[in-house]
Asker: 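I have a structure here, written as structure tokens, and I will follow up with some questions on it.
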2 protein chains.
Amino acid sequence: MHDVSHTQAHTQAHTQARPQRADARRNYARLLAAAEAEVAVHGAEVSLEQVARTAQVGSATLRRHFPNRQALLSAVFHQRIEALCALATDLATKDDPRTALLEWLRALAHYVASARGMAASLTIAESPDDAEHCFTYLATAADPLVRRAAAAGAVRADATAADLLTVVTGIALATEHHPSGAAEVDRLLTLVTEGLSPRT
Amino acid sequence: MHDVSHTQAHTQAHTQARPQRADARRNYARLLAAAEAEVAVHGAEVSLEQVARTAQVGSATLRRHFPNRQALLSAVFHQRIEALCALATDLATKDDPRTALLEWLRALAHYVASARGMAASLTIAESPDDAEHCFTYLATAADPLVRRAAAAGAVRADATAADLLTVVTGIALATEHHPSGAAEVDRLLTLVTEGLSPRT
DNA sequence: CAGACAAACGGAGGACCCCGCCGTTTAGGG
DNA sequence: CCCTAAACGGCGGGGTCCTCCGTTTGTCTG
């Protein structure tokens with residue numbers, strides 16, 4: 001199935017010994033580098049034409065490697081997503097459940113606030129079959145962390161990893177155009193973890 | 001000066017308070033009606049051309065009445081904003097501080113979740129001089145409510161009305177493309193008001 | 001080493017959008 | 001009934017997204 005080439009192209013930034021031509025690999029790398037630079041400046045609504053131009057590549061080539069905007073964004077943020085997943089599995093073994101979860105949430109907030117467009121890319125579900133969608137990827141990685149915290153009574157039992165993810169990305173989205181920036185995100189995160197108005 | 005409808009007064013207060021020509025008023029009304037319909041379908045990223053087309057009006061006429069996208073969105077959501085402000089002042093006198101605030105937050109969440117594009121329009125600060133920007137408008141209206149709750153110890157002292165507003169709109173933004181919709185927003189709101197992980 | 005063939009490329013072009021300009025229409029006061 | 005300023009809207013330039021399609025080029029094979 002043609003999906004093989006796509007999956008390979010997107011997620012396999014590390015292992016690429018596949019039936020792909022050398023020039024294709026080269027262009028993929030140029031596109032990814034250009035996309036990182038452009039997204040860092042313009043966020044998730046970056047002009048795809050501009051990315052192709054920066055990479056000195058035809059616009060059709062970009063679309064061949066990344067069929068839609070979300071695919072490009074996923075690739076751009078893939079390393080950061082991976083790092084967060086690794087941190088989640090790491091924290092799941094150490095520390096006490098509550099501080100582990102909080103530390104992870106804070107790391108997530110930091111990433112999402114500092115990388116322009118990352119929060120937006122976590123909310124968009126563009127392709128119907130997004131088994132590899134960044135959001136679910138992160139959610140499944142964080143799930144054990146949340147379950148463990150729930151078991152210890154550190155979070156409400158009905159709170160899922162997806163919920164926490166949604167709240168954090170939401171805060172980032174709402175503060176993105178906001179000048180104060182990352183500091184604001186951190187403040188709001190503590191606000192919601194402690195509770196806006198907890199029952200006495 | 002302010003004899004005209006509220007919606008009109010809001011957008012045109014700073015440009016001109018003079019009596020408009022009859023055709024201008026008529027076109028304004030048509031544009032607003034068209035915008036409400038289109039925004040309800042396509043959200044905040046609605047095509048301005050499409051709005052003008054639906055209103056059977058030239059695109060320049062739209063730009064004359066609404067100099068930028070945010071102005072149009074502000075007008076579209078003005079009634080809802082007004083209603084929320086009225087509710088805020090109403091609740092500020094009745095009920096106990098905490099339930100009053102919570103009720104208002106819930107009402108806000110409901111509005112923002114049901115009206116497509118409203119959350120987005122609350123985050124965008126397009127024009128530099130937006131003293132009448134919807135967000136600040138709402139924030140000042142909610143401020144007494146928050147202060148009263150803070151005085152009663154129902155919210156953290158460092159939480160401002162703008163903070164609560166940001167959190168709620170953020171949740172709405174993060175769940176907008178999400179199929180589950182308004183129910184999800186409500187769930188997440190209780191989650192953050194109670195606290196994701198309050199200290200024991 | 002020299003084809004051959006599929007993989008990959010990139011330009012062109014259509015559809016749409018935002019935006020400003022500017023000539024034309026028309027409402028409404030004198 | 002005019003006259004003027006307010007209001008209108010068409011047009012064109014520049015941009016993006018996206019698709020098609022002819023051309024180049026890597027790579028595999030004989």
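Atoms considered below: every heavy atom in the structure, side chains included; atoms not considered: hydrogens, waters and symmetry mates. Every chain is numbered from 1 and lettered A, B, ... according to where its sequence line falls, protein lines coming before strand lines.
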Asker: Strictly below 4.0 Å, N to O, side chains only: are B/R98 and B/D96 in salt-bridge contact?
Answerer: no
Asker: Starting at atom CD of B/E49, determine the distance to atom C1' of D/dG13, rounded to an integer number of angstrom.
Answerer: 13 Å
Asker: Is any side-chain N or O of A/H65 closer than 4.0 Å to OP1 or OP2 of C/dA8?
Answerer: no
Asker: Nearest-Å distance, CZ (A/R25) to P (C/dA8)?
Answerer: 10 Å
Asker: Is a side-chain N or O of B/R30 found less than 3.5 angstrom from the main chain of B/A55, in a donor-acceptor match?
Answerer: yes
Asker: What do the steps show when you test B/Q20 against B/Y28 for side-chain hydrogen bond (donor to acceptor under 3.5 Å, both in side chains), and what is the final call?
Answerer: CA-CA 10 Å; B/Q20 292 175 297; B/Y28 182 90; over 6 Å; no
Asker: Round to a whole Å and report the spacing from CD of B/Q20 to P of C/dG29.
Answerer: 14 Å
Asker: Could you check how far CG of B/L62 sits from P of C/dC17, rounded to whole Å?
Answerer: 13 Å
Asker: Take the protein atom CG of B/L48 and the nucleotide atom P of C/dC19, then report the distance between them rounded to whole Å.
Answerer: 7 Å
Asker: Taking N and O atoms by type only, does the side chain of A/R21 place a donor or acceptor under 3.5 Å from a partner on the base of C/dA8?
Answerer: no
Asker: Using a strict 4.0 Å threshold on nitrogen-to-oxygen distance, state whether B/E184 and B/R187 make a salt bridge.
Answerer: yes
Asker: Tell me whether the side-chain N/O atoms of B/T61 come closer than 4.0 Å to OP1 or OP2 in D/dG9.
Answerer: yes
Asker: What's the closest nucleotide to the B/R63 side chain, out of C/dG20, D/dG9, C/dC9?
Answerer: C/dG20
Asker: Please compare B/N27 and A/Q50 by the position of their nearest nucleotide in DNA chain D and report the one closer to 5'.
Answerer: B/N27
Asker: Quick one: is C/dC18 close enough that its OP1 or OP2 comes under 4.0 Å of any side-chain N or O from B/R69?
Answerer: yes
Asker: Using a 4.0 Å heavy-atom cut-off across all strands, classify B/A60 as base, sugar-phosphate, or nothing.
Answerer: base
Asker: Both B/S47 and B/D23 contact DNA chain C. Which one's nearest nucleotide lies toward the 5' end?
Answerer: B/S47
Asker: Round to a whole Å and report the spacing from CZ of A/R53 to P of D/dG14.
Answerer: 14 Å
Asker: Rounding to an integer number of Å, can you tell me how far B/R64 CZ sits from C/dG23 C1'?
Answerer: 13 Å
Asker: May I have the distance from B/Q70 (atom CD) to C/dC18 (atom P), rounded to whole angstrom?
Answerer: 15 Å
Asker: Run the numbers on B/T54 and B/E38 for side-chain hydrogen bond (donor to acceptor under 3.5 Å, both in side chains), then give the verdict.
Answerer: CA-CA 8 Å; B/T54 303; B/E38 291 295 321; 3.2 Å; yes
